[in-house]
Amino acid sequence: GHVPSTSRFWRLCHMSSQPKDVGVNDAPFVVEDGGAVLAFEERPGNEIHLATVVRKITNARMTQSAGKMVVKVEKLKLYDALGILRALRYDVDRYNAAMALPALPAGATAAEKHARDTERRIGCKRLRQQAGMLGARLPGEGEGPVTVRGLDDLIAFVEGAFAEPIAAARRSVAEGSVDFDGLGEFLSPGRGVVDSGSATGVPGARTGFLVRSSFFSRTKTLVGEGRTFYVALEFVVSVGTSFCVC
């Protein structure tokens, strides 16, 4: 991902922060309370809707506003879930790329057909799983690409709102130093990492992983607020004569 320009960030704020009912200008979200809260309107249809995604990843509740069902979420919660939003964009891109793979020539071998089917299946797997959990239907081959309306704008807004800590984390990663607050930028969706035994429990056993998603969770403790970082990793293991994506 990239940090959007300051001018674009403030244009988004200016366009969305004026007092209005959610959905009046059909915007994907509305900024409220001086930028501290974002509101999303639940919409009909079986595609992937941004309001449903935000409600699921933040455990937000729907409320009624001006006859519409609305999800309101604090900006900080969306920052903690930024890795999930980026992961959804990454998975949408992978799905669309897999569905757009060119057809094999008429004389393709069985091995080539199997390799192409595997490439498409792996590219589509993650988003299909998420669509099932979101109650959404994905377009099939020839039905056009998947789009999640407002997802790019939401990611740009959150990255703009927290531009300073994100930029600091990226500088640290570039310099080879990662602290807890920078884990989300270091373990970003699609990044390849190598483990030397901490994950497998076998010292020295090097394993390659692909980062799929990550997020921060906040909890209250006796000594103040506690934060935990979670990351989902994908790796390939050999199972006899085949390979399995885990």
Side-chain angles (χ1 to χ4, degrees), residues 1-17 28-29 31 33-38 50 53-54 57-58 73-94 96-97 126-127 130 148 150-200 204 206-221 223-235:
H2 65 280
V3 177
S5 67
T6 304
S7 60
R8 186 187 178 205
F9 166 60
W10 285 115
R11 282 203 307 273
L12 284 168
C13 286
H14 178 72
M15 290 168 58
S16 303
S17 62
F29 58 89
V31 183
D33 294 343
V37 174
L38 277 69
L50 192 59
V53 172
V54 168
I57 67 177
T58 63
V73 183
E74 294 177 1
K75 179 176 60 179
L76 184 60
K77 289 186 177 181
L78 291 170
Y79 178 48
D80 287 341
L82 182 57
I84 302 178
L85 296 172
R86 289 170 172 170
L88 177 58
R89 181 170 63 183
Y90 175 77
D91 291 335
V92 167
D93 290 343
R94 286 195 70 184
N96 289 335
R126 179 86 174 183
L127 190 64
Q130 295 185 68
V148 182
L151 178 60
D152 287 340
D153 283 339
L154 178 58
I155 292 174
F157 178 87
V158 176
E159 289 181 339
F162 295 91
E164 290 187 10
I166 289 175
R170 289 177 177 175
R171 284 195 299 270
S172 295
V173 171
E175 294 168 358
S177 174
V178 182
D179 59 11
F180 181 80
D181 290 335
L183 286 174
E185 296 303 313
F186 175 62
L187 297 173
S188 56
R191 185 184 183 94
V193 295
V194 177
D195 173 70
S196 297
S198 60
T200 62
R206 295 170 62 83
T207 308
F209 293 92
L210 183 71
V211 178
R212 298 312 308 257
S213 179
S214 66
F215 67 96
F216 287 92
S217 176
R218 297 172 187 262
T219 56
K220 292 183 179 180
T221 69
V223 294
E225 185 179 67
R227 297 174 69 208
T228 305
F229 179 78
Y230 296 87
V231 60
L233 302 170
E234 177 182 273
F235 66 101

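Quick note: numbers below take in every heavy atom, side chains included, and nothing from hydrogens, waters or symmetry partners. None of the values given here were measured: they were computed from a predicted structure. One is the number of the first residue; the rest follow in order along the sequence.
With a 6.0 Å cutoff to the six-membered ring centre and a 45° limit on the axis angle, Lys77 does not count as a cation-pi contact of Phe215.
For the atom pair CD (Glu74) and OG1 (Thr58), the distance works out to 9.5 Å, reported to the nearest 0.5 Å. For the atom pair CG (Asp80) and NZ (Lys75), the distance works out to 12.5 Å, reported to the nearest 0.5 Å. Here the straight-line distance linking atom CZ of Phe29 with atom CG of Leu50 works out to 7.5 Å at 0.5 Å rounding. In this structure, Leu233 CG and Ser213 OG are separated by 10.0 Å, a value rounded to the nearest 0.5 Å.
Shortest non-hydrogen contact noted between Phe157 and Leu38 is CE2-CD1, 3.6 Å. Taking each heavy atom of Ser214 and Leu187 in turn, the nearest pair found is OG-O, 3.6 Å. Of all heavy-atom pairs between Ala169 and Gly182, the closest is CB-CA, 3.7 Å. Residues Val73 and Leu78 share a closest heavy-atom pair of CG1-CG, 4.0 Å.
Within a 6.0 Å radius of CD in Glu225, more than 12 heavy atoms belonging to other residues, nucleotides or ligands are found.
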Item checked: side-chain contact (heavy atoms from CB on, under 4.5 Å) between Tyr90 and Arg212, intermediate numbers included -> CA-CA 8 Å; Tyr90 175 77; Arg212 298 312 308 257; 4.0 Å; yes
Margin query: Determine whether Leu127 and Leu88 satisfy the following criterion, side-chain contact (heavy atoms from CB on, under 4.5 Å), listing intermediate values before the conclusion.
Written below: CA-CA 8 Å; Leu127 190 64; Leu88 177 58; 3.8 Å; yes
Notebook entry, point to check: How far apart are the C-alpha atoms of Leu82 and Ile166, what are their side-chain angles, what is the distance that settles it, and do they pass the side-chain contact (heavy atoms from CB on, under 4.5 Å) test?
Noted result: CA-CA 11 Å; Leu82 182 57; Ile166 289 175; 4.0 Å; yes
Note to self: As a quick check of understanding, evaluate side-chain contact (heavy atoms from CB on, under 4.5 Å) for Thr207 and Val194, giving each step before the final call.
What the structure shows: CA-CA 6 Å; Thr207 308; Val194 177; over 6 Å; no
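With respect to Phe216, the ring-ring contact (aromatic ring centres under 6.0 Å, His included) criterion is satisfied by exactly one of Tyr79, Tyr230, Phe229, Phe162: Phe229.
Between the side chain of Ser188 and the main chain of Gly184, no donor-acceptor pair closer than 3.5 Å is present. With hydrogens and angles disregarded, a donor-acceptor distance shorter than 3.5 Å links the side chain of Arg191 to the backbone of Phe186. Looking at Asp33, its side chain never comes within 3.5 Å of a backbone N or O of Ala36 through a donor-acceptor pair.
At a threshold of 4.0 Å, the pair Glu185-Arg86 counts as salt-bridged, since one of the basic side-chain nitrogens sits closer than that to a carboxylate oxygen.
Remark: Arg227 engages Asp181 in a salt bridge (charged side-chain N to carboxylate O under 4.0 Å, His left out) (not counting sequence neighbours).
At a threshold of 4.5 Å between non-hydrogen side-chain atoms, the residues Ile57 and Leu85 count as touching.
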